[in-house]
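Data block below; observations after.
In this chain, residues are counted from 1 in sequence order. None of the values given here were measured: they were computed from a predicted structure.
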Amino acid sequence: MPTVSELLTTNLHDVFGNRDAAARRAAIERTYSPDVTFTDPEGTVTGWDALDQKAAGILDEAPGAFQFVEEGRRYVSEHHGVLAWGFGPVGAPAVRGVDVVEVRDGVVVSLTTVLAEPTASD
């Protein structure tokens, strides 16, 4: 059974950072419960298909040079994890945020993305 930390990695890199649709879908099916909820500033969606559409939409709208990069420490407990990230060209993220996951029985049951407010230097 994967650890919370491993699920954070898969969520960021193998799902939201993966431009290969088939590989992304395989990662979704092994990482999340079928009724996973994903909440971001646009709202909440439920299920593998909706999560796949969200990830594909983010990547389809972004330039090819954009990628997700982990920023800072991971925070994990038995059932929760938090990972900060940046998305954009390497070394110059256009957006930053954190992903918060809830894990049960070795899969993510809920994922919440919170975006960082822009600073004066952004």
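- Each of Asp14, Leu51, Asp52 was evaluated against Arg24; a single residue qualifies, Asp52, per the side chain to side chain contact (heavy atoms under 4.5 Å, CB included) test.
- Note that NE2 of His79 is 8.5 Å distant from CG of Asp105, once rounded to the nearest 0.5 Å.
- In the hydrophobic clustering, Val114 connects to Tyr75, Val82, Val98, Val100, either directly or through intervening members, whenever side-chain heavy atoms lie under 4.5 Å apart.
- Separation of atoms NZ (Lys54) and CD1 (Ile28) is listed at 13.0 Å; rounding is to 0.5 Å.
- Atoms CG and OG1, from Asp40 and Thr112 in turn, are 9.0 Å apart once rounded to the nearest 0.5 Å.
- In this structure, Val108 and Val36 approach most closely via the heavy-atom pair O-CG2, 3.7 Å.
- Note that CG of Asn11 and CZ of Phe38 are 8.0 Å apart. Values are rounded to the nearest 0.5 Å.
- Listed by chain and residue number, nothing satisfies the salt bridge (charged side-chain N to carboxylate O under 4.0 Å, His left out) test with Arg19 (two or more places apart in sequence, or in another chain).
- Listed here is the closest heavy atom pair of Phe66 and Pro89: CE1-CD, 3.5 Å.
- If you take CG on Leu7 and CE on Met1, they are separated by 10.0 Å, rounding to the nearest 0.5 Å.
- Under the salt bridge (charged side-chain N to carboxylate O under 4.0 Å, His left out) criterion, Glu6 pairs with no residue at all, not counting sequence neighbours.
- Considering OG1 of Thr113 and CD of Glu42, their distance stands at 10.5 Å, rounded to 0.5 Å.
- Relative ring orientation between Trp85 and Phe68 is described as perpendicular, the plane-to-plane angle rising above 60° on a 0-90° scale split at 30° and 60°.
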